[in-house]
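Right, one structure below, let's go through it.
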Amino acid sequence: QVQLVESGGGLVQAGGSLRLSCAASGGTFESYTMGWFRQAPGKEREFVAGISWGGRITNYVDSVKGRFTISRDNAKNTVFLQMNSLKPEDTASYYCAAGNRLVPGRSSLEYDAWGQGTQVTVSS
């Protein structure tokens with residue numbers, strides 16, 4: 001079973017940028033589809049972005065398209081989420097997840113392993 005550890009969260013002003021990282025260990029990273037989800041207080045966990053095992057297929061929730069970019073470095077067993085033009089509504093705990101589907105899905109049920117999360121807070 002793969003283990004996932006997120007990092008890179010923090011406090012940033014609206015309009016700023018953050019880069020989240022998720023380091024994987026204990027599995028064959030290049031075989032996993034990877035996703036980023038987020039959960040704000042009192043809200044359900046929400047799909048943010050996903051990337052296929054080879055990086056050719058990406059998927060984004062509409063609210064982050066054009067602002068966030070998901071990428072991966074299979075040589076370093078790491079997936080990234082570059083977040084630009086951040087908004088207060090992006091404030092949430094961000095989780096990375098690994099799954100075995102060919103295409104990065106939007107449902108949390110399609111992912112089998114999860115990290116512990118990293119907090120992103122965007123001030124207005």
Side-chain angles (χ1 to χ4, degrees):
Q1 180 78 349
V2 64
Q3 289 84 46
L4 305 172
V5 179
E6 302 95 335
S7 61
L11 174 63
V12 64
Q13 289 187 336
S17 298
L18 283 174
R19 189 192 196 202
L20 304 184
S21 299
C22 173
S25 61
T28 307
F29 179 74
E30 60 267 23
S31 70
Y32 291 106
T33 290
M34 300 299 296
W36 286 97
F37 288 74
R38 65 187 179 187
Q39 188 168 19
K43 295 188 177 181
E44 294 186 354
R45 188 168 294 190
E46 171 191 40
F47 171 81
V48 176
I51 188 167
S52 59
W53 63 271
R56 292 187 176 183
I57 302 172
T58 57
N59 195 359
Y60 297 92
V61 67
D62 286 347
S63 60
V64 308
K65 285 182 179 177
R67 300 189 298 122
F68 291 11
T69 303
I70 188 171
S71 62
R72 65 190 297 162
D73 185 340
N74 286 346
K76 296 183 178 180
N77 290 354
T78 303
V79 63
F80 305 97
L81 185 67
Q82 178 67 44
M83 305 187 295
N84 299 328
S85 302
L86 282 161
K87 304 176 180 180
E89 51 263 44
D90 294 319
T91 296
S93 292
Y94 283 71
Y95 300 87
C96 74
N100 292 302
R101 303 293 180 96
L102 293 177
V103 177
R106 296 177 175 233
S107 170
S108 61
L109 298 177
E110 299 180 55
Y111 297 85
D112 306 305
W114 294 82
Q116 83 289 348
T118 186
Q119 179 66 35
V120 171
T121 302
V122 184
S123 63
S124 58

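Numbers here are sequence positions counted from 1.
No side-chain heavy atom of Phe47 sits less than 4.5 Å from a side-chain heavy atom of Glu110. Residues Pro104 and Tyr111 are in side-chain contact: their nearest non-hydrogen atoms beyond the backbone lie under 4.5 Å apart. Considering only heavy atoms from C-beta on, Ser17 comes within 4.5 Å of Asn84 through its side chain. Ile70 places none of its side-chain heavy atoms less than 4.5 Å from the side chain of Phe80.
A salt bridge does not link Lys87 to Asp90: none of the charged side-chain nitrogens sits closer than 4.0 Å to a carboxylate oxygen.
Note: Ser25 OG to Gln3 CD = 4.5 Å, rounded to the nearest 0.5 Å. A distance of 11.5 Å separates CG in Leu81 from CE in Met34, rounded to the nearest 0.5 Å. Note that the CG atom of Leu20 and the CD atom of Gln82 stand 9.0 Å from one another [nearest 0.5 Å].
Of the possible donor and acceptor atoms, one in the side chain of Glu6 sits under 3.5 Å from a partner among the backbone N and O of Gln116. Judged by distance alone, with hydrogens and angles left aside, the side-chain atoms of Asn77 form no donor-acceptor pair with the main-chain N or O of Phe29 at under 3.5 Å. Here the side chain of Glu46 pairs no donor or acceptor atom with the backbone of Glu44 at under 3.5 angstrom. In this structure, the side chain of Thr91 engages the main chain of Val122 through a donor-acceptor pair within 3.5 Å. Between the Arg106 side chain and the Gly50 main chain, no donor and acceptor come within less than 3.5 Å of each other.
Annotation for Arg72 and Glu30: closest pair NH2-CA, 4.1 Å, computed over non-hydrogen atoms. For Ala113 against Val2, the heavy-atom pair with the smallest separation is CB-CG1, 3.5 Å. Scanning all heavy atoms of the two residues, the minimum distance from Ser52 to Thr33 falls at CA-OG1, 4.1 Å. The two residues Asp112 and Gly99 come nearest to each other via the heavy atoms OD2-CA, 4.0 Å. Between Thr118 and Gly8, the closest heavy-atom pair is OG1-N, 4.3 Å. Annotation for Ala92 and Arg38: closest pair CB-CB, 3.8 Å, computed over non-hydrogen atoms.
Linking Ile, Leu, Val, Met, Phe, Trp and Tyr residues whenever their side-chain heavy atoms come within less than 4.5 Å places Val48 and Val12 in a single cluster. Hydrophobic clustering (ILVMFWY, side-chain heavy atoms < 4.5 Å, transitive): Val120 and Leu4 are in one cluster.
Taking the centre and axis of the six-membered ring of Tyr60, the NZ or CZ atom of Arg67 falls outside the cone set by 45° and 6.0 Å.
For Phe68 and Trp36, the ring centers sit 6.0 Å or farther from each other.
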